[in-house]
Amino acid sequence: MLDLNNIAVVDNHCHPILLEQHMDALNFRRYFTEATHPDFAQMHVPHTIYYLWLLRQLAAFYHCEPDEQTIIALRNTYSADELLQQYIAAARIDTLILDFAYPSPADCYTPERIGQVGGCNVARMLRLETLMERLVVEHDDFDAVSTQFSAALDNLREQGYCALKSIVAYRTGLAIEQWPKDAAVEAFRVARETLAQTGMLRLAHKPLIDYLLHIAFAKAAAQHVPLQFHTGYGDSDTDLRLGNPLHLRALLEMREYWTMPIVLLHESYPYCQLGAYLAAVYPHVYFDLSYTIPFVEKLEMLAFTRQAVSVAPASKLMSSSDGIHVPEMYWSGAVRGRRVLADVLQEMILQEELDEPQALHIAQQVLHDTAYRLYNL
């Protein structure tokens, strides 16, 4: 059996953890579902395969019985710093690539603090829609917004960013269009009216978002900076039909953007084969294998990993956790990713598709090397 435990992991996509880690079982459960209904954590999370697996892993970690209350009680004897340090060390995580725009930075560890406490490298990405929303709130003139948005994307690496990220799939879908300026100006006017009426803004105005995204694409292409797209699986406020990565085809065909590497997040679940296909045929498309979120069990992880490795070059694949809120997610993503990838590659060895040195090389690429190369780590 392949042993991948000596390969340090780069978590290609994750979020900060909360400063407050002392919690009861119900609050802990809430972080292991994308459902937002208040009854879900109480009634259903304890009956998911993923959560049942997680409790057994945590019991082994704490050397206790696989009982939720016992695990939570033991967990609460540690400080947040101690939990972060222990889980990062146990997972052998080399680097975390953080989208620090969510959750609210006021409630979370800073990227710098995560690196200091966790004893790992931390790289940052910039979430584009968060920047858009801030500028639309701050300025009542469209030209000021577009100018400030463009300026904010200059010299990205000098600003400390290794990538950009878009959640347009959540907002208006991945079928990003090229709109005339007049359409974007009108969408901006509607957004400002909504802000004036409600005092808040969740930007979901397609001509405006798409127009600004094309500014970002040009900036990223000029600087050879990767852009991560949320694709597929998300929480209940996303229309999954609009998150199919095939909607990106018009963008992917635009050769002027081919110097902007595109990373399809969350293995595009459940569109896994489609996302892997795009990584196989477009030179600038990469495919992310997420081993915590979505919260699926091992057989499903084996399936999407097998699909990805079968279809896309290993040099186009990277692993992640999408970890958020609690450090257990970073840890479980690294542990699970190594195990699942080892099982898939071992199966390919048995089928004489690979030999062991080739399989180990692929694992090294997926878990570590491709991310180091792509993000200039």
Side-chain angles (χ1 to χ4, degrees), residues 13 15-16 97-106 108 110-112 122-172 174 176-196 200-230 248 250-251 254-263 265 284 374-377:
H13 177 258
H15 300 260
I97 301 180
L98 291 172
D99 171 4
F100 60 93
Y102 183 79
S104 170
C108 293
T110 64
E112 294 76 17
V122 170
R124 300 185 304 152
M125 69 186 84
L126 176 63
R127 187 191 286 226
L128 292 170
E129 286 76 15
T130 300
L131 174 60
M132 292 177 193
E133 286 177 351
R134 177 174 65 79
L135 292 173
V136 172
V137 169
E138 291 176 354
H139 300 280
D140 60 5
D141 177 71
F142 174 81
D143 287 334
V145 169
S146 59
T147 300
Q148 291 282 335
F149 183 74
S150 178
L153 301 178
D154 286 332
N155 304 312
L156 287 163
R157 290 195 175 90
E158 288 82 354
Q159 292 186 62
Y161 300 116
C162 72
L164 301 175
K165 178 187 174 183
S166 174
I167 57 167
V168 68
Y170 272 85
R171 302 301 178 82
T172 56
L174 291 174
I176 301 164
E177 300 177 39
Q178 291 182 294
W179 297 85
K181 182 179 177 180
D182 288 351
V185 170
E186 174 59 19
F188 171 76
R189 183 192 65 77
V190 173
R192 288 287 301 182
E193 281 187 356
T194 300
L195 176 64
M200 57 188 297
L201 179 65
R202 182 183 184 277
L203 199 61
H205 304 72
K206 185 170 177 57
L208 177 57
I209 292 176
D210 289 359
Y211 187 92
L212 293 175
L213 280 176
H214 277 284
I215 293 176
F217 299 156
K219 289 285 186 175
Q223 299 171 63
H224 297 246
V225 169
L227 193 149
Q228 297 188 353
F229 277 105
H230 173 98
L248 288 169
L251 171 65
M254 300 179 71
R255 289 178 178 264
E256 62 266 37
Y257 295 151
W258 278 18
T259 52
M260 173 185 71
I262 288 174
V263 182
L265 295 176
H284 59 312
L374 184 67
Y375 298 108
N376 290 325
L377 300 179

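- Distance NZ/Lys206 to CG/Leu213: 9.0 Å, rounded to 0.5 Å.
- Under the 6.0 Å cut-off for aromatic ring centres, Phe149 and Phe142 do not qualify, their centroids lying 6.0 Å or more apart.
- Summarising the geometry, atom CG belonging to Leu98 is positioned 9.5 Å from atom CZ belonging to Arg124; distances are rounded to the nearest 0.5 Å.
- A donor-acceptor pair is defined here as one N or O able to donate and one able to accept, closer than 3.5 Å; no such pair exists between the side chain of Glu256 and the backbone of Ala218.
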task = Take Leu265 and Phe229 through the side-chain contact (heavy atoms from CB on, under 4.5 Å) test and state the conclusion after the steps.
result = CA-CA 6 Å; Leu265 295 176; Phe229 277 105; 6.0 Å; no
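- No donor-acceptor distance shorter than 3.5 angstrom exists from the side chain of Gln148 to the backbone of Leu135, with no hydrogens or angles considered.
- Separation of atoms NE2 (His205) and CZ (Arg192) is listed at 11.5 Å; rounding is to 0.5 Å.
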task = Take Asn376 and Arg157, measure what side-chain contact (heavy atoms from CB on, under 4.5 Å) needs, and give me the verdict at the end.
result = CA-CA 10 Å; Asn376 290 325; Arg157 290 195 175 90; 3.2 Å; yes
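- For the pair His139 and Ala144, the tightest heavy-atom approach, listed with the atom from each and the gap, is ND1-CB, 4.0 Å.
- Between Ala101 and Thr130, the closest heavy-atom pair is CB-OG1, 3.7 Å.
- Contact check for Lys165 versus Glu129: no side-chain heavy atoms found under the 4.5 Å cut-off.
- Leu227 has its side chain out of reach of Val263: every pair of non-hydrogen atoms, C-beta onward, lies at least 4.5 Å apart.
- Counting heavy atoms from C-beta outward, His284 and Thr259 have side chains that stay 4.5 Å or more apart.
- Gln228 and Ser166 are not linked by any side-chain donor-acceptor pair at a separation below 3.5 angstrom, with hydrogens and angles left out of the test.
- Within the model, atoms CE of Met200 and CG of Leu195 stand 10.0 Å from one another, a figure rounded to the nearest 0.5 Å.
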message = Determine whether Glu133 and Arg127 satisfy the following criterion, salt bridge (charged side-chain N to carboxylate O under 4.0 Å, His left out), listing intermediate values before the conclusion.
response = CA-CA 11 Å; Glu133 286 177 351; Arg127 187 191 286 226; over 6 Å; no
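- Annotation: side chain of Ile176 is in contact with side chain of Phe217 (closest heavy-atom distance under 4.5 Å).
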inquiry  = Test salt bridge (charged side-chain N to carboxylate O under 4.0 Å, His left out) on Lys181 and Asp143; report intermediate values, then the result.
reply    = CA-CA 10 Å; Lys181 182 179 177 180; Asp143 287 334; 2.8 Å; yes
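- Of all heavy-atom pairs spanning His15 and Pro103, the tightest one is CB-CD, 4.3 Å.
- Ile97 places a side-chain heavy atom less than 4.5 Å from the side chain of Tyr375.
- Pairing each heavy atom of Arg171 with each of Ala204, the nearest pair is O-CB, 4.2 Å.
- Between Leu208 and Ala191 the shortest heavy-atom distance is CD2-CB, 4.5 Å.
- The side-chain heavy atoms of Asp182 and Glu186, taken from C-beta on, include no pair separated by under 4.5 Å.
- Atom CG in Leu153 sits 8.5 Å away from atom CD1 in Ile215 (nearest 0.5 Å).
- Taking CG from Leu212 and CE from Met132, the interatomic distance works out to 5.0 Å, rounded to the nearest 0.5 Å.
- Among all heavy-atom pairs drawn from Ala184 and Pro207, the shortest one is CB-O, 3.9 Å.
- In this structure the side chain of Ile262 reaches within 4.5 angstrom of the side chain of Leu251, judged on heavy atoms.
- For the residue pair His214/Tyr257, the side-chain donor-acceptor check at 3.5 Å is satisfied.
- Side-chain contact between His13 and Met125: present, with at least one pair of heavy atoms (C-beta onward) separated by less than 4.5 Å.
- Ring centroid separation for the pair Tyr170 and His230 comes in under the 6.0 Å cut-off.
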